[in-house]
Amino acid sequence: MKYVISFVGNFIWKLFGGVWLATFWFLLGVILTLTIIGYPLAVNCFRIGWLCFKPTNKRVGVYFERYLSLNLLWIVFAGWMVIPYAVVSITLNILSIFGIPLVAQWIKVGKVCLFPFGAIIK
């Protein structure tokens with residue numbers, strides 16, 4: 001039963017914008033992989049992309065202070081791009097009946113998108 005609920009939650013998540021966010025992070029990871037300096041950031045992009053693709057039944061712990069300088073650089077160079085998308089998606093999900101349970105998933109994904117260094121995804 002747990003897997004059925006997870007499957008349905010992930011399916012609705014993908015319909016309401018999760019697939020676009022995951023595609024964005026995967027493409028950003030591919031672009032960063034092509035550069036030598038961006039390779040460590042690309043690993044985080046792929047982790048975030050997989051979380052954005054299947055967020056239900058995953059727990060996230062964000063430890064911002066562990067990698068403070070890297071997280072601040074991330075916000076300046078890449079993290080700011082997801083904030084408007086997440087805010088619009090949360091607003092649209094609140095307005096729809098099916099999207100209300102996904103608001104907690106958007107908040108979870110938003111935390112990891114803003115502070116990927118030190119984030120633990122289980």
Side-chain angles (χ1 to χ4, degrees):
M1 187 69 172
K2 176 182 172 183
Y3 297 110
V4 173
I5 293 171
S6 176
F7 175 77
V8 171
N10 282 326
F11 181 74
I12 293 172
W13 168 263
K14 290 171 189 166
L15 284 178
F16 282 92
V19 73
W20 297 111
L21 188 61
T23 303
F24 166 76
W25 287 109
F26 286 136
L27 289 175
L28 184 62
V30 168
I31 291 169
L32 288 172
T33 302
L34 299 175
T35 66
I36 294 172
I37 298 172
Y39 185 76
L41 298 176
V43 173
N44 282 328
C45 287
F46 291 128
R47 281 186 13 199
I48 293 169
W50 186 248
L51 175 68
C52 293
F53 194 68
K54 297 178 83 173
T56 57
N57 285 342
K58 295 204 174 151
R59 289 184 282 158
V60 173
V62 177
Y63 302 102
F64 175 74
E65 59 278 346
R66 184 184 289 172
Y67 299 101
L68 182 64
S69 59
L70 289 174
N71 279 322
L72 290 175
L73 285 173
W74 179 268
I75 289 172
V76 170
F77 291 111
W80 63 271
M81 291 184 260
V82 79
I83 294 171
Y85 185 78
V87 169
V88 168
S89 295
I90 288 172
T91 305
L92 291 175
N93 282 319
I94 288 174
L95 296 176
S96 71
I97 294 172
F98 294 110
I100 291 173
L102 299 177
V103 172
Q105 303 301 324
W106 276 108
I107 292 171
K108 175 177 30 176
V109 168
K111 286 191 305 187
V112 174
C113 290
L114 284 178
F115 313 117
F117 295 100
I120 299 171
I121 301 169
K122 292 183 182 182

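All figures in this text were calculated on a predicted structure; none of them were measured in a lab.
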Requested in this report: Spell out, as yes or no, whether a donor-acceptor pair under 3.5 Å connects the side chain of Arg47 to the backbone of Ala119.
Outcome: yes
Query - Shared hydrophobic cluster, Leu51 / Val43 (ILVMFWY, side-chain heavy atoms < 4.5 Å) - result: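 No: no chain of side-chain contacts under 4.5 Å links Leu51 to Val43.
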**Report entry** Common cluster, Phe115/Val87, ILVMFWY with side-chain heavy-atom separation under 4.5 Å
**Finding:**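 In one cluster with Phe115: Val87, yes.
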[X]: side chain to side chain contact (heavy atoms under 4.5 Å, CB included) partners, not counting sequence neighbours:
X     : result
Leu68 : Phe64, Leu72
Leu70 : Tyr67, Phe117
Ile94 : Ile90, Val103
Ile37 : none

Requested in this report: For residues Ala22 and Gly49, report the shortest heavy-atom separation together with the two atoms involved.
Outcome: CB-O, 3.5 Å
Query raised in the report: Only one of Val19, Val112, Val109 clears side-chain contact (heavy atoms from CB on, under 4.5 Å) with Cys52; which?
Result: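 Only one option passes, and that is Val109.
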Requested in this report: Using a cut-off of 6.0 Å, state whether more than 12 heavy atoms not belonging to Leu34 lie near its atom CG.
Outcome: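 Enclosed: over 12 neighbouring heavy atoms sit under 6.0 Å from CG of Leu34.
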Within this structure, what is the [atom1]-[atom2] distance for the pair [X] and [Y], rounded to the nearest 0.5 Å?
X     : Y      : atom1 : atom2 : value
Leu32 : Leu27  : CG    : CG    : 11.0 Å
Leu28 : Cys45  : CG    : SG    : 4.0 Å
Ile75 : Cys113 : CD1   : SG    : 11.5 Å

Query - Any pair counted as side chain to side chain donor-acceptor pair (under 3.5 Å), so long as it reaches residues 100-112, sequence neighbours left out - result: Gln105-Lys108
Requested in this report: If you link ILVMFWY side chains whenever their heavy atoms are less than 4.5 Å apart, which other residues fall into the same cluster as Val88? By chain and number, please.
Outcome: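 Same cluster as Val88: Leu92.
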Report task. Sequence neighbours left out, what pairs pass ring pair (Phe, Tyr, Trp, His ring centres under 6.0 Å) with at least one residue falling in residues 23-51? Result ->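 Qualifying pairs, neighbours excluded: Trp25-Trp74, Trp50-Phe53.
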